[in-house]
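Order of listing sets the numbers, starting from 1, for every ligand and every atom in it. Here the structure is a predicted model, which is why all the values come from computation and not from measurement.
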Amino acid sequence: MQEKISQLSVAIDSFTASSVEEVEALRIKYLSKKGEITALFNDFRNVPNEQKREIGQLLNQLRDKAQDKINALKESFENAQVHVAGSDLTRTADPIALGTRHPLSIVKNEIIDIFSRIGFTVAEGPEVEDDWHVFGALNFAPEHPARDMQDTFFVEKNPDVLLRTHTSSVQSHIMTTQKPPIRVLCPGRVYRNEAISYRAHCFFHQVEGLYIDKDVSFADLKQALLYFAKEMFGENTQIRLRPSYFPFTEPSAEMDISCNLCGGKGCNFCKHTGWVEILGCGMVDPNVLEACGIDSKVYTGYAFGMGVERITNLKYQVKDLRLFSENDVRFLQQFKSAF
Ligand code: DAH
């Protein structure tokens, strides 16, 4: 009996069928009243009492196995699509693989989402600009090195037409066309005349923030940035502000966050300092407000600017900046997100 059971078990393993009728034939052969497995059950009464328990178990397992296999085969035919002359009429005519969002778009959208929760709206400005919007209105001295050909791509000289080197230029547009209170986020692409390498590119992306109202203080700036850092990099993230210089803000600062790789203990990524720099910020210089027609005795404001590539690198540890602009789907497909 035991031998017969194991023979049938092997036979069940090799069950195949190319139609529902063939599945039914298998059922009849093994499980119907006169089927081979049913026959074994009928013989069961002849099994010596001391073996009944063991053989009984084996028999039950065999019957279940056959039934499962037959059910599975049956189901595979029921689920199969309608076949007409070898073609499947229910299939999409032209299957289109779903793409994924670009990692820089994911991070940009996340930044916008975080700041929109504290009242920021989005504003955009042109990439091809004049000197005044990029430098003049923002308090850059005439001889400031950023205006140099080595840093800036010029489209035309005298009067200067250039590719914006930072999204702070959108501030100039907003402040000359809107009245405070102003609370905007300006995402966009910027251009600098840099040699392309794994850590620099001639174009990259920034998000600028600007808030102007009565009584805006440095404490407001710090609070907004702390909120941002925690939302972006996690609740335990800490920030520190280091004094710095930008022509358009006074005082100015650069903000570091506690290294999100080692949690601030020190690692190769943060050069063992526990901190990584993520943005520049400060109180809008009164000269900038005045240049744009906003009364600096009534209004104050803060501004900040961050590199989207930088934030993306921190979140996803992308080692080579060039990957962002090479459109290699193997790289891009790794980023899936709700944003
Ligand atoms: N525009 C600066 C840059 O490209 C970034 C920046 C720094 C923007 C300080 C700001 C700011 O608004 O307040 O490096």
For [X], counting its heavy atoms only, list the atoms of ligand 1 lying under 4.0 Å from any of them.
X      : answer
Gly280 : 7 (C), 9 (C), 11 (C)
Thr249 : 13 (O)
Gln171 : 12 (O)
Gly305 : 6 (C), 8 (C), 10 (C), 12 (O)
Gln206 : 3 (C), 4 (O)

Hey, can you pull the donor-acceptor pairs under 3.5 Å for the side chains in residues 298-306, sequence neighbours left out?
unit_1, atom_1, unit_2, atom_2, d
Thr300, OG1, Val216, N, 2.9
Thr300, OG1, Val216, O, 2.8

_Can you report which non-hydrogen protein atom sits closest to atom 12 (O) of ligand 1, along with the distance?_
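Answer, as residue, atom name and distance: Glu208 OE2, 2.5 Å.
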*Partners meeting side chain to side chain donor-acceptor pair (under 3.5 Å) with Ser172 (sequence neighbours left out)*: none
*Check Arg192 against ligand 1 and report side chain, backbone, both or neither, counting heavy atoms closer than 4.0 Å.*
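The answer is the side chain.
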*If you measure from each non-hydrogen atom of Met306 to ligand 1, which part falls under 4.0 Å: side chain, backbone, both or neither?*
neither
*asked:* Has Gln317 got a side-chain atom pairing as donor or acceptor with Leu314's backbone, closer than 3.5 angstrom?
replied: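 Yes, the answer is positive, given that a donor and an acceptor are paired below the 3.5 Å cut-off.
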*On the 0 to 90° scale, with breaks at 30° and 60°, tag the Tyr227-Phe115 ring pair as parallel, tilted or perpendicular.*
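Perpendicular: the ring planes of Tyr227 and Phe115 meet at over 60°.
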